[in-house]
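Before any comments, here is the structure.
Every chain is numbered from 1, with letters handed out A, B, ... down the list of sequences.
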Amino acid sequence: MNTIKLTNSKTRQKEFFTPINSCNVRMYVCGPTVYDRAHIGNARPVVVFDVLYRLLRYVYGSRHVSYVRNITDIDDKIIDRAVQAGIEIDELTSKTLNWFHEDMAALGVDYRNDPQFFEPRATEYISEMLAMIEELIKRRHAYVAKQHVLFSVESFQDYGSLSGRSTEDMIAGARVEVAPFKQNSMDFVLWKPSNNDQPGWESPWGRGRPGWHIECSAMSHALLGETFDIHGGGSDLIFPHHENEIAQSRCFCPKGDFARYWLHNEMLQVDGKKMAKSVGNFFTVRDLLNQSVPGEVIRFVLLSTHYRKPMNWTKKKADEAMMTLRKWRNLTSGIKEGRPPENVVNALADDLNTSRAVAELHRLAAVQDGPSLKAGAMLLGLLHDNLGHWYAPKSNDIDEILVERIEFWINQRNLAKIEKNYARADAIRHKLSAVGVAVLDTVDGVKWAINPAHENSGKWELLE
RNA sequence: GGUGAGUUGGCGGAGAGGCUACGCAGCGGACUGCAAAUCCGUGUACACCGGUUCGAAUCCGGUACUCACCUCCA
């Protein structure tokens, strides 16, 4: 069995991973708040932890790994957005969740038929949250103030240990206005009141809704128990979200360890800057797909940098990824995958070193080892059939008249070649390539292909 | 102000005290009417200043710069 090493944010060290129970390895990752299309940065943890899930399944067996990724479907951002759009919250969240599933499936993350994957929605776990909050109050880790229930950070000694902050530092640096009813300015909300226009549930403290952090504590506890193996998410969640989760869960189950290994992926930047709508470098996964950047290419780019390093999204990386994938698909087309090669498995087992795994795949490609290349790539979620539509576009996607027109020029060029009129032959090739039609002379005759991402693709009138 | 991450060849990006990373681009060559694809060969590197060591890109100290988090955020 392969030994997996993971960098644990809790200890800031790379550690050997030993599951509590190797027949039931349990992982929890913070999922999306469903109010809008997933942007490219949202996709990074989804893909990174998908690779970890694949690795764990490979090492421990697919029936021995459970993966929970929650859906936050009650949140002030959702409420605001629904009001803006003039629709019901359910309509917004279910529409957004469908988008999320579609977009992530395009990146090769699709758990629809996976009995080991769980996707709890916060609104389905309100009673568990209420029970947890009541228990925290009973144990004096939480208190009621003005219809709010607040967690008392002073009641938990280890508060701040994950993010390495002392409570004093946090208070000094806090830029938030502190609600006057808080006993300590760092105390955070477990439950807050809802007015009549806001969604709410009856509770001992009046009609209200849960705070964000309690969701993950309640859902991970309900589905994975009081101690589980891995908790993942983006590094921006370390504080306050994960810190608060730890406080809630550890105080609720003082005997449990909550999560034993904390994994955090670094942030994604675009053209060297944090993605922001104001900077104009903000785009969603769907935007890229619509620009004919295949999901497999997006996935490759996301895995080409180690997950613990900030990564920069650029068009150039996507272009290079596409070239590599085309090469690998040429090499493996019609070939059945073999066993995942040791070098690739070892690279992944070493703290999910995806970029080293990619380097190993390049080596396998260089020695033309198709079966190993394919198996290794598949462990990364690449070269699967369902991601290959871009590589072999179906001819029936193309207008028949257009095909006739292209083939007319191909024939003209063939005639020119027979007459050794190479100037004319080249001129025709240029004409076709100007609209994104590549012409290749191969041993099997002349072939052509349309590149839908070409800047003039679709401007077929240029062909006249 | 506090916390953390980082600075590797033209670009991207691993590694980690002595051994070619790898990819793209470049250059030379094979193949080709020319291209494309493919194949073969090839150069360039570890921010700066000190220290430890037989030996440092890798360890230690300092400096500079970059980024993120401390507020909803993946």
Side-chain angles (χ1 to χ4, degrees), chain A residues 7 9 12 29-33 35-36 38-49 69 72 75-78 80 160 162-178 186 188 212 232-243 264-269 272-276 300-312 314 316-324 326-327 330-331 347 350 353-366 368 416-418 420-423 425-427 429-430 433 438-443 446-449:
Chain A
T7 298
S9 307
R12 291 147 216 263
V29 174
C30 292
T33 301
Y35 67 98
D36 205 351
H39 61 66
I40 184 70
N42 296 126
R44 192 176 188 192
V46 173
V47 169
V48 162
F49 291 108
R69 190 189 58 202
T72 298
D75 176 89
D76 288 2
K77 229 181 303 190
I78 295 173
D80 294 347
L162 181 72
S163 53
R165 297 153 208 259
S166 66
T167 337
E168 296 81 61
D169 291 343
M170 291 187 271
I171 292 164
R175 284 182 253 148
V176 232
E177 251 182 79
V178 179
M186 293 314 294
F188 57 89
W212 175 37
S235 66
D236 55 343
L237 296 182
I238 293 173
F239 187 88
H241 184 55
H242 291 161
E243 202 72 77
H264 291 102
N265 62 277
E266 255 307 332
M267 299 293 101
L268 185 135
Q269 299 171 15
K273 282 189 181 143
K274 181 176 172 164
M275 201 166 29
F300 188 103
V301 173
L302 292 175
L303 294 177
S304 63
T305 301
H306 187 90
Y307 76 96
R308 299 191 73 247
K309 283 199 169 178
M311 99 155 275
N312 193 16
T314 61
K316 186 166 178 260
K317 279 186 183 172
D319 291 344
E320 284 187 17
M322 192 147 170
M323 249 185 337
T324 302
R326 182 171 284 126
K327 190 166 146 184
N330 282 339
L331 217 58
D350 184 8
N353 195 332
T354 50
S355 48
R356 205 172 91 209
V358 167
E360 297 298 343
L361 294 176
H362 279 300
R363 273 188 251 268
L364 293 168
Q368 316 260 309
K417 275 173 66 181
I418 291 165
K420 295 200 189 292
N421 184 352
Y422 294 120
D426 288 351
R429 192 199 336 248
H430 287 139
S433 77
V439 182
L440 306 175
D441 297 327
T442 73
V443 280
V446 179
K447 291 188 174 172
W448 59 270

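Counting any heavy atom pair closer than 4.0 Å across all strands shown, A:Gly233 reaches sugar-phosphate atoms only and no base atom. A:Leu268 comes within 4.0 angstrom of a base, heavy atoms only. The residue A:Gln269 sits close only to the backbone: its heavy atoms come under 4.0 Å of sugar-phosphate atoms, none of a base.
Taken to the nearest 0.5 Å, the NZ atom of A:Lys309 stands 15.0 Å off from the CG atom of A:Leu268. To the nearest 0.5 angstrom, A:Thr354 atom OG1 is 10.5 Å from A:Leu361 atom CG. Note: A:Thr7 OG1 to A:His264 NE2 = 12.0 Å, rounded to the nearest 0.5 Å. Here the CZ-CG distance, from A:Arg356 to A:Asp350, works out to 5.0 Å after rounding to the nearest 0.5 Å. To the nearest 0.5 Å, the span separating NE2 on A:His241 from CZ on A:Phe188 amounts to 10.5 Å.
To the nearest angstrom, P of B:C70 lies 10 Å from CE of A:Met267. Regarding A:Arg363, its CZ atom lies at a distance of 11 Å from the C1' atom of B:G23, rounded to whole Å. Counting to the nearest Å, the P atom of B:A5 and the CZ atom of A:Arg12 are 7 Å from each other. Atom CZ of A:Phe188 is separated from atom P of B:C72 by 12 Å (rounded to the nearest Å). The interatomic distance linking A:Glu360 (CD) with B:G23 (P) rounds to 11 Å, in whole Å. Residue A:His241 contributes atom NE2, which lies 10 Å from atom P of B:A74 at whole-angstrom precision. Taking atom CD of A:Glu243 as the reference point, atom P of B:C70 lies 13 Å away to the nearest angstrom. Between A:Asn265 atom CG and B:A5 atom C1' there is a gap of 13 Å when expressed in whole angstrom units.
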Item to check | Full working for side chain to side chain contact (heavy atoms under 4.5 Å, CB included) between A:Asp441 and A:Arg429 | outcome: CA-CA 11 Å; A:Asp441 297 327; A:Arg429 192 199 336 248; 4.2 Å; yes
Item to check | Test log, rule side chain to side chain contact (heavy atoms under 4.5 Å, CB included), inputs A:Phe300 and A:Val358 | outcome: CA-CA 9 Å; A:Phe300 188 103; A:Val358 167; 3.8 Å; yes
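Without hydrogens or angle criteria, A:Asn42 side chain to A:His39 main chain gives a donor-acceptor distance under 3.5 Å. Side chain of A:Glu243 to main chain of A:Leu162: a donor-acceptor pair is present (N/O by atom type, distance under 3.5 Å, no hydrogens or angles).
When the P atom is used for both B:C11 and B:U53, the distance is 36 Å, rounded to whole Å. The same atom, P, is picked in B:A35 and in B:A21; the two are 33 Å apart, to the nearest Å. Comparing B:G29 with B:C65, their P atoms sit 47 Å apart, to the nearest whole Å. Rounded to whole Å, the separation between the C1' atoms of B:A14 and B:U20 comes to 14 Å. The P atoms of B:C69 and B:A37 are separated by 40 Å, rounded to the nearest whole Å. Comparing the C1' positions of B:U8 and B:G23 gives a spacing of 15 Å, expressed to the nearest Å. Of the P atoms belonging to B:C22 and B:C39, the separation is 15 Å, rounded to the nearest Å. Straight-line distance between the C1' atoms of B:U7 and B:G13: roughly 13 Å, to the nearest whole Å.
A:Val301 is listed as a side-chain neighbour of A:Met311, based on a closest heavy-atom distance under 4.5 Å.
Applying the side-chain contact (heavy atoms from CB on, under 4.5 Å) test to A:Val48 and every residue at least two apart in sequence or in another chain returns A:Arg44, A:Tyr307, A:Leu352. In this view, A:Asn330 and A:Tyr391 satisfy the side-chain hydrogen bond (donor to acceptor under 3.5 Å, both in side chains) rule, not counting sequence neighbours.
The side chain of A:Pro45 lies closest to B:A74 when the candidates are B:A74, B:C22, B:C72.
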Mind listing the N/O atom pairs, protein and nucleotides 11-14 of chain B, below 3.5 Å?
from, atom 1, to, atom 2, distance (Å)
B:C11, O2', A:Lys316, NZ, 3.3
B:G12, O3', A:Lys317, NZ, 3.3
B:G13, OP1, A:Lys317, NZ, 2.9
B:A14, OP1, A:His306, N, 2.6
B:A14, OP2, A:Lys309, NZ, 3.4
B:A14, O5', A:Ser355, OG, 3.1
B:A14, O3', A:Asn353, ND2, 3.1

Output side-chain donor-acceptor pairs under 3.5 Å for residues 317-324 of chain A, partner residues at least two apart or in another chain, one line each.
from, atom 1, to, atom 2, distance (Å)
A:Lys317, NZ, A:Asn312, O, 2.7
A:Asp319, OD1, A:Lys315, NZ, 2.9
A:Asp319, OD2, A:Lys315, NZ, 3.4
A:Glu320, OE2, A:Lys316, NZ, 3.4
A:Thr324, OG1, A:Glu320, O, 3.1

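Every stem involving RNA chain B, taken as at least 3 paired positions in a row under the Watson-Crick or G-U wobble test at 3.5 Å, is listed here: B:1-7 with B:64-70, B:10-12 with B:22-24, B:26-30 with B:38-42, B:47-51 with B:59-63.
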Checklist outcome for this item: Whether each nucleotide of nucleotides 26-43 of chain B has a protein heavy atom under 4.0 Å at its base (B), only at its sugar-phosphate (S) or at neither (-) is summarised, 5' to 3', as -------BBBS-SS----
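Summary of the strand contacts: A:Thr324 and A:Tyr35 both lie near RNA chain B, and taking for each the nucleotide with the nearest heavy atom, the more 5' one is attributed to A:Thr324.
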